[in-house]
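So the structure is just underneath, and the comments pick up after that.
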Amino acid sequence: MPKIATREAYGQALAELGEEIKDIVVLDADLSKSTKTSVFAKKYPERFFNMGIAEQNLMGTAAGFATCGKIPFASTFAVFAAGRAFEQIRNSICYPNLNVKIAATHAGITVGEDGATHQSVEDIALMRSIPHMIVINPADAEEAKQAVRAAAMHKGPVYLRFGRHPVETIFDNNYKFEIGKGVILKEGKDVAIIATGTMVGEALKAAELLSKKGIEAMVVNISTIKPIDKEIIIKAAECGAIVTAEEHNIIGGLGSAVAEVLAEARPTPMKRIGIADEFGQSGKPEELLKLYHLTADDIAKAAEELKKG
Amino acid sequence: MSITQEKIEELTSIARKVRRHIIEMTAEAGSGHPGGSLSCCDILTALYFDVLNVDPKRPTWSERDRFVLSKGHAAPALYAVLAEKGYFAKEELMRLRKTGAMLQGHPDMKGTPGLDMTTGSLGQGLSAANGMALAGKLDKKDYRVYVLLGDGETEEGQVWEAAMASAHYKLDNLTAFVDHNGLQIDGPITQVMSPEKIQDKFKAFGWHVIDIDGHNFREILDAVEEAKNTKGRPTAIVAKTVKGKGVPFMENVVDWHGKAPTKEQAEEALKAL
């Protein structure tokens, strides 16, 4: 299967939805070619608004559109959306519970050569801490496409997290994405790997590596980080050991969210694979994934260590 | 279109009631922002009782004119005007800032009829107003959008991101008032961080700018007319006002930005009103 970046799927899905849902308007901050909102802009120029390099105004304008019944998708890079415009998202969008979709691309270190300034490793933590906000981090193009539709259909603020770098195909079109629902991609009884976004492909590869060593790993995809699927996490905990994997700081992201569920419902030994509370750097995406220990090998190693106790 | 003397008397009378509410409600709450509420009180009264095409019985009517109080800390003034207009019972005013009450310290559109936007964090209202104005243009609707900013508020960078966008998109259905009372929490705006000259800045950003006395109903309403007739660009009405206007011991006193009057001070203030 070809590798496709989730941002590509976002751009396509948005342009398709524009036909069906006339209330959709799209706003970007001078990055439409990179965020792929340019596909929508070309098809529906009258419903596309370039707000220039001004992310605070981007979010506030989206909020104003939403008060008039529009369904605005506001796009820029994750570091500028969740970071620079955090307080606009909090006070102008989430507090009034307005129907704004924040579709952030270029999340995580696989942004690559642009380096740490552009590599968002904090956005999940920031966005999931705001009341009313839903946080979705799709694993592949198919899930991304369906998540865009689900976000448009949901009434209220949604943060969609997309990547720049092409990722493995996980799902075919028989898959049915649902907000708040995790999915077991592979059954297993010895250890559970709970992964999100770009790391889901690595998690599946890790399960193969473990299988060769006689360890049968369950693999769970959690794309909705908030509200998180508690049921599936508690079920995964039956394996007795959990490894989480995400392209995000280990503080505040999927690993933290899973730990929160387990600590209250079913304390289980776990390890978190993610960015170890540090900034990224320039480099090729694959090299950076190795350097920051975000590969199938790293996940498998963590699972083995957990099993050894 | 010239305003009649009767209309001016009517607006003056409503504004007096609004000022009395501001004093009573902040005194009862024991906190709040009387100074900046009193300075924009005449503008809000003129808007809701002469300018805005709104219907208190249908607060979410899609064709209505919109108003965004970007300087959300002047909420007591807006709440008092909305109550006088009939959006909700005047009794609510005395529950301002109390636990479980509808009227939050800063405007919360979710729970309060008549509020078109949630505000309070400064610098964000003009962006929201831009979104409303753009939506109106997109849907070919005739409604107009009004926003009120504080002069100190224009120190926020987002205001100028938004001002650039209003002019870029030629939002002639948008009118921004600047409540130019000259004072902010830490002192005179020119001493804390001068945003002057505010008129020149809006002009430089491509806006039509009108200077008025923000306590003169004739000037307020004439400026609104001029804004309506200005095509191809947004209008900023920079209204010279007096912080604490109408209450002699509060006028131009910085301390009354964010301090409620005591019971005795409220009585004294009400006598002057």
Side-chain angles (χ1 to χ4, degrees), chain A residues 18 21-30 41 44-74 76 80 84-102 130-132 155-157, chain B residues 59-68 70 72 104-112 115-141 143 145 147 156-171 173-174 205:
Chain A
I21 307 172
K22 301 293 182 200
D23 282 333
I24 289 179
V25 294
V26 177
L27 297 86
D28 205 301
D30 194 39
Y44 303 104
E46 73 289 352
R47 285 193 272 149
F48 175 79
F49 301 89
N50 204 325
M51 303 314 295
I53 311 165
E55 294 78 13
Q56 303 176 68
N57 186 47
L58 167 79
M59 296 306 171
T61 307
F65 265 116
T67 68
C68 298
K70 298 295 172 195
I71 306 174
F73 276 73
T76 179
F80 310 131
R84 193 180 193 117
F86 172 82
E87 203 247 348
Q88 282 72 20
I89 293 173
R90 180 192 186 274
N91 276 325
S92 282
I93 294 173
C94 289
Y95 176 40
N97 205 15
L98 291 174
N99 198 18
V100 176
K101 318 304 161 187
I102 295 144
I130 311 178
H132 293 154
K155 207 167 165 61
Chain B
T60 59
W61 175 41
S62 62
E63 309 299 314
R64 73 190 186 283
D65 286 342
R66 268 77 171 169
F67 175 71
V68 179
S70 194
Q104 294 294 295
H106 294 84
D108 170 17
M109 70 184 287
K110 284 197 310 296
T112 312
L115 289 184
D116 292 321
M117 187 60 201
T118 292
T119 52
S121 173
L122 292 176
Q124 302 194 20
L126 184 55
S127 297
N130 279 346
M132 295 172 191
L134 283 166
K137 293 244 174 204
L138 182 61
D139 290 342
K140 300 190 168 46
K141 290 193 171 179
Y143 68 75
V145 183
V147 54
E156 287 280 8
Q158 188 184 350
V159 169
W160 302 104
E161 291 186 2
M164 196 185 301
S166 330
H168 177 84
Y169 282 106
K170 303 183 168 56
L171 298 179
N173 54 348
L174 172 80
F205 276 76

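Being a predicted model, the structure only gives us computed values, none of them experimental.
Closest of all the heavy-atom pairs between B/Tyr169 and A/Met51 is CE1-SD, 4.2 Å. For the pair B/Tyr143 and A/Cys68, the tightest heavy-atom approach, listed with the atom from each and the gap, is OH-SG, 3.5 Å. Scanning all heavy atoms of the two residues, the minimum distance from A/Gly64 to B/Met132 falls at O-CG, 3.7 Å. Here the shortest heavy-atom pairing between A/Thr61 and B/Leu134 reads CG2-CD1, 3.8 Å. Closest heavy-atom contact between A/Glu46 and B/Leu138: O-CD1, 3.3 Å. Closest approach of B/Met117 to A/Leu98, counting heavy atoms only: CE-CD1, 4.1 Å.
For the set B/Asp139, B/Thr119, B/Leu115, B/Val68, the entry with the most heavy-atom pairs within less than 4.5 Å of chain A is B/Asp139. Considering only heavy-atom pairs separated by less than 4.5 Å from chain B, the leading option among A/Val25, A/Asn97, A/Thr67 is A/Thr67.
Within 6.0 Å of NZ on B/Lys170 lie no more than 12 heavy atoms contributed by other residues, nucleotides or ligands. In the displayed structure, A/Arg47 atom CZ is contacted under 6.0 Å by more than 12 heavy atoms of other residues, nucleotides or ligands. By the 6.0 Å contact criterion, CD1 on A/Ile53 is open, its count of non-hydrogen atoms from other residues, nucleotides or ligands being 12 or less.
Between the A/Gln56 side chain and the B/Gln158 main chain, no donor and acceptor come within less than 3.5 Å of each other.
Between B/Ser127 and A/Gln88, the side chains place no donor N or O within less than 3.5 Å of an acceptor N or O (distance only, hydrogens not considered).
Separating the CZ atom in A/Arg90 from the CD atom in B/Gln124 is a distance of 10.0 Å, to the nearest 0.5 Å.
Only the side chain of B/Gln104 comes within less than 4.5 Å of a heavy atom in chain A; its backbone stays farther off. Of the atoms belonging to A/Glu55, it is backbone heavy atoms, and not side-chain ones, that fall under 4.5 Å from chain B. Neither the backbone nor the side chain of B/Ala129 comes within contact range of chain A, judged by heavy atoms closer than 4.5 Å. Heavy atoms of B/Asp116 lying under 4.5 Å from chain A belong exclusively to its backbone.
Residues B/Lys110 and A/His132 have side chains in contact (heavy-atom distance under 4.5 Å, counting atoms from C-beta outward).
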